Amino acid sequence: KQEVTQIPAALSVPEGENLVLNCSFTDSAIYNLQWFRQDPGKGLTSLLLIQSSQREQTSGRLNASLDKSSGRSTLYIAASQPGDSATYLCAVTDTNAGKSTFGDGTTLTVKP
Amino acid sequence: NAGVTQTPKFQVLKTGQSMTLQCAQDMNHNSMYWYRQDPGMGLRLIYYSASEGTTDKGEVPNGYNVSRLNKREFSLRLESAAPSQTSVYFCASKSFSGISYNEQFFGPGTRLTVL
């Protein structure tokens, strides 16, 4: 059974700092990995999707990498802003039916 | 494009009552999913529909039923609500074609309390 772990569970940084969020998974036979953002009381917003054949994806200040062999992904946020404060979740899809396994998330607080 | 929509946004039930959560997507996606999100438990898959006309159990299906009414709509039914079903319920959909291949999109959620 696939297990997804996100460490740390919470992170607090000052505004402007670059930071890395981690996601690890136990079964490397994945189709893709997706990073989401969730604001309190809201749904999940897709940030980046990395297909299994890709090594990284970038969108603005966000860069996600994928290393299938080691079962790891990182989400790099450059020049963090208070508006980046949210919970970040990663999800791996490892079946052709498209079922995903989610991590518990990292709650990020960016202080002004 | 409204994306994935869910109704209702909030609901309070008494133990034993029944209700149906509605979900619709306008992105022509093939697959649809129902999750529940609980503190400390993360997101768990309840049921999914890989394509119109098919449904399958996920990780926590007990106490729920689903209907894939058509390609757009996927409903979740609680036949006899229990306090353990107090949760936030999310519907999601996914396409297996185009530039958003295998990208999952979520609705805003339904916050359900069972007393």
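Values in this document were obtained by computation on a predicted structure and should not be read as measured data.
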Student: Examine distances only and state if a side-chain atom of A:Gln34 and a backbone atom of B:Gln104 form a donor-acceptor pair shorter than 3.5 Å.
Tutor: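 Checking the backbone N and O of B:Gln104 against the side chain of A:Gln34, a donor-acceptor pair under 3.5 Å is found.
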
Student: Tell me, do A:Thr93 and B:Lys94 make a side-chain contact under 4.5 Å, heavy atoms counted?
Tutor: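 Yes. Closest side-chain heavy atoms under 4.5 Å.
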
Student: When heavy-atom pairs shorter than 4.5 Å are enumerated against chain B, which of A:Thr45, A:Asn32, A:Thr101 gives the highest number?
Tutor: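 The residue among A:Thr45, A:Asn32, A:Thr101 with the greatest pair count is A:Asn32.
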
Student: Measure distances from B:Gln6 to the heavy atoms of chain A and classify the residue's part below 4.5 Å as side chain, backbone, both or neither.
Tutor: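 Neither part, no heavy atoms under 4.5 Å.
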
Student: Hydrophobic clusters here meaning ILVMFWY residues chained together by side-chain heavy-atom distances under 4.5 Å, can you tell me if A:Phe102 and A:Ile30 are in one?
Tutor: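 Different clusters: A:Phe102 never reaches A:Ile30 through Ile, Leu, Val, Met, Phe, Trp or Tyr contacts under 4.5 Å.
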
Student: Can you tell me which portion of B:Leu45 sits under 4.5 Å from chain A's heavy atoms? Options are side chain, backbone, both or neither.
Tutor: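 Only the side chain of B:Leu45 comes within 4.5 Å of chain A.
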
Student: Cluster question for you: counting only ILVMFWY and a side-chain heavy-atom cut-off of under 4.5 Å, with indirect links fine, are A:Val110 and A:Trp35 together?
Tutor: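 Same cluster.
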
Student: If every non-hydrogen atom of A:Ser100 is compared with every non-hydrogen atom of B:Tyr35, which pair is closest and at what distance?
Tutor: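 Heavy-atom minimum between the residues: CB-OH, 3.9 Å.
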
Student: In terms of heavy-atom pairs under 4.5 Å, which option from B:Gly3, B:Pro108, B:Gly42, B:Gly58 contacts chain A the most?
Tutor: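 Option with the greatest count: B:Pro108.
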
Student: Could you look at B:Arg111 and say if it's the side chain, the backbone, both or neither that has a heavy atom under 4.5 Å from chain A?
Tutor: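 Side chain of B:Arg111 only, per the 4.5 Å heavy-atom cut-off to chain A.
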
Student: At a 4.5 Å cut-off on heavy atoms, which part of A:Gln38 comes close to chain B: side chain, backbone, both, or neither?
Tutor: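 For A:Gln38, the contact with chain B is made by the side chain alone.
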
Student: Should A:Leu89 and A:Leu21 be regarded as members of a common hydrophobic cluster, given that ILVMFWY residues are connected when their side-chain heavy atoms come within less than 4.5 Å of each other, either directly or indirectly?
Tutor: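 A:Leu89 does not cluster with A:Leu21.
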
Student: Consider only side-chain heavy atoms of I, L, V, M, F, W and Y, link residues closer than 4.5 Å, and tell whether B:Leu21 and B:Tyr47 are in one cluster.
Tutor: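 Both belong to a single hydrophobic cluster.
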
Student: Could you give the distance from CZ (B:Phe105) to CG (A:Leu44), rounded to the nearest 0.5 Å?
Tutor: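 One finds 12.5 Å between CZ of B:Phe105 and CG of A:Leu44.
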
Student: Around atom CD of B:Gln17, are there more than 12 heavy atoms of other residues, nucleotides or ligands at under 6.0 Å?
Tutor: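 Counting other residues, nucleotides and ligands, CD of B:Gln17 exceeds 12 neighbours.
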
Student: Would you say B:Phe106 ends up clustered with A:Leu47 if hydrophobic residues are merged whenever their side chains have heavy atoms under 4.5 Å apart, either directly or through other cluster members?
Tutor: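 Cluster IDs for A:Leu47 and B:Phe106 differ.
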
